[in-house]
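The structure is given below, and queries will be raised subsequently.
FYI, the numbering just counts along the sequence from 1. Atoms within each ligand, like the ligands themselves, are counted from 1 in listed order.
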Amino acid sequence: MTSVKASDNEIILIGKVLNNTNEPLKKRFRALFTLRNLGGKQSIEEINSCFKDESELLKHECAYVLGQMQDELAIDYLIKILEDESQQPIVRHEAGEALGALGDDRVMPILEKYSTCSISEIAETCYLAIKRIRWLKESKEEVSENPYKSVDPAPPSAEKNIEKLTTTMLNEKEDLFERYRALFALRNIGTTEAVLSLSKGLFVGSPLFRHEIAYVLGQMQHEAAIPSLEESLRDPLENCMVRHESAEALGSIGLSKCNNVLKEFLQDKARVVKESCEVALDMSDYNSSGEFQYANALLST
Ligand SMILES: [Fe+2]
Ligand SMILES: [Fe+2]
Ligand SMILES: [Fe+2]
């Protein structure tokens, strides 16, 4: 990754864009990604200020980014969000996941507490985070690097057989952590066959599980996933967290047939879906133009 250096004053200026409700959402997202890449205490504080916003989409992305930055300075902020019942479930879920991504076992008691939360997305996320932190400790293994450089909620399974991985991933009686491990192993395999197997997962299991499938299909940016992602976005009865992730995945695939579907949902009744389509269409524009142009543009204004 290219690294861009910025002074605290410049970071504060980017934070102003992130926290300005009059700015278009896509510009605020770009500011968030810039802060993520710059890192450090000031960036974390600017991101934390955004949790008072009204957009659950933007706030959940803030929580996600704080986990990906891998800086323990974010831990206390993330605990507050996980505990805050006035925050939407998708935001609290992402805060729980970020705590798992940071991998610090001091947060175990709080994760234990929320692993029995009545909101299933939050409970399952905390369960996975506990399992991940224990795995890091017990296996003494480093999580192998994945082609997407993301810090994932579970390490990939060592199994390489697509059929076996698919069976485990789709088996609703199997432990959720093991199903996630199979899911990430399939993603890392990355072939069309793996994409088609993963696509089946979009229609089984809990909303959390389905949204993770959509998320990895977005990372893979493979055309073979389009029909399933489209079906998921089009289903009015599907959970909005899943539809949101399917929309963003279509945006990262970025072909014109994906964009046409996204345009249809720009006025969706669910705000998180509507905003996802807006941001997804912007992503698909900028995928071709190179990420750091945004960092540079923001720093030069
Ligand atoms: Fe999520
Ligand atoms: Fe996530
Ligand atoms: Fe998301």
Side-chain angles (χ1 to χ4, degrees), residues 25-26 28-29 32-33 36 47 50-51 53 55-70 74 78 81-82 87-103 111 114 117 119-133 143 146 148-156 176-177 179-181 183-184 187 198 201-202 205-220 229 232-233 238-253 262 265 268 270-283:
L25 201 56
K26 57 185 181 184
R28 301 178 72 193
F29 264 82
L32 174 60
F33 298 144
R36 167 191 172 155
I47 295 170
C50 196
F51 286 120
D53 204 80
S55 165
E56 55 186 297
L57 183 75
L58 182 59
K59 288 187 294 184
H60 106 296
E61 199 69 28
C62 286
Y64 173 75
V65 161
L66 288 179
Q68 297 295 308
M69 287 167 83
Q70 294 287 289
L78 288 165
I81 300 304
L82 175 59
Q87 291 286 358
Q88 295 90 344
I90 188 174
V91 182
R92 296 175 67 201
H93 132 73
E94 215 65 56
E97 187 178 286
L99 288 169
L102 288 163
L111 292 174
Y114 287 97
C117 174
I119 303 167
S120 74
E121 295 93 302
I122 297 174
E124 288 180 351
T125 300
C126 291
Y127 171 77
L128 289 168
I130 291 167
K131 294 281 275 190
R132 180 179 192 273
I133 295 173
V143 183
N146 73 68
Y148 306 96
K149 311 258 179 260
S150 53
V151 184
D152 302 316
L176 189 61
F177 188 68
R179 296 176 68 196
Y180 264 58
R181 296 197 64 185
L183 183 166
F184 287 108
R187 179 202 59 190
L198 283 164
L202 261 185
S206 65
L208 187 81
F209 175 81
R210 297 199 297 277
H211 110 296
E212 200 63 32
I213 295 275
Y215 176 77
V216 303
L217 290 173
Q219 287 185 307
M220 295 170 91
L229 290 168
S232 161
L233 172 60
E238 178 54 290
N239 181 297
C240 288
M241 189 163 101
V242 184
R243 294 181 65 222
H244 129 74
E245 216 63 68
S246 294
E248 291 197 347
L250 287 167
S252 36
I253 298 172
L262 291 171
F265 292 91
D268 198 86
R271 178 172 172 174
V272 71
V273 174
K274 167 187 158 0
E275 290 184 346
S276 298
C277 293
E278 204 178 304
V279 172
L281 283 165
D282 182 55
M283 296 289 168

Can you list every salt bridge (Lys or Arg N to Asp or Glu O under 4.0 Å) pair that touches residues 92-101, not counting sequence neighbours?
none

Hits for salt bridge (Lys or Arg N to Asp or Glu O under 4.0 Å) against Glu238, two or more places apart or cross-chain, chain-then-number order -> Arg210

Output the atom name for the N/O/S atom of Glu97 with the smallest distance to the Fe ion (ligand 2).
OE2

Report the residues that fulfil salt bridge (Lys or Arg N to Asp or Glu O under 4.0 Å) with Arg243, sequence neighbours left out, ordered by chain and then residue number.
Asp268

Is there a donor-acceptor pair under 3.5 Å between the side chain of Gln70 and the backbone N or O of Ala101?
yes

List the steps and the verdict of side-chain hydrogen bond (donor to acceptor under 3.5 Å, both in side chains) for Ser150 and Asp152.
CA-CA 6 Å; Ser150 53; Asp152 302 316; 2.8 Å; yes

Taking the Fe ion (ligand 3) as the centre, how many protein N/O/S atoms fall inside a distance shorter than 2.8 Å?
3

From Leu58 atom CG to Glu275 atom CD, the distance as rounded to the nearest 0.5 Å
8.0 Å

